[in-house]
Amino acid sequence: MRQFAHKDDTSRNVYFGGRLGAAYKELTCKFGLMKIRREARKPGSMPWIKGGPRPEQLVSDARTAARQYASRTVRPWAGL
């Protein structure tokens with residue numbers, strides 16, 4: 001079964017099931033694999049679809065957030 005969704009991942013009331021769903025799933029898997037192979041042969045050849053605008057974040061804010069996250073990370077090997 002293949003069900004469609006909105007950009008925010010809420011499901012739509014449309015789906016494919018049975019043989020049609022299986023055929024559609026095979027097609028999307030083959031298409032994805034084809035893109036990966038093409039990108040491996042020619043790096044940078046596939047365009048990336050960009051999402052909507054992102055909130056701006058200063059570099060210093062990003063570094064501070066990364067440090068705070070790293071200090072919370074559990075490292076069981078640190079005491080060895």
Original post:
What is the distance from atom NZ of Lys30 to atom CZ of Arg37, rounded to the nearest 0.5 Å?
Top reply: 10.5 Å

**OP:** Supply the atom-to-atom distance Leu27 CG to Met34 CE, rounded to the nearest 0.5 angstrom.
**Re:** 9.0 Å

Original post:
Any chain of hydrophobic side-chain contacts (each under 4.5 Å) joining Tyr24 to Phe31?
Top reply: no

Original post:
In this structure, are over 12 heavy atoms from other groups packed under 6.0 Å from Asp8 atom CG?
Top reply: yes

**OP:** Identify, with sequence neighbours excluded, every residue that meets side-chain contact (heavy atoms from CB on, under 4.5 Å) alongside Ser45.
**Re:** Arg38, Glu39, Lys42

Original post:
Partners of Arg12 by side-chain contact (heavy atoms from CB on, under 4.5 Å), sequence neighbours excluded?
Top reply: Phe4, His6

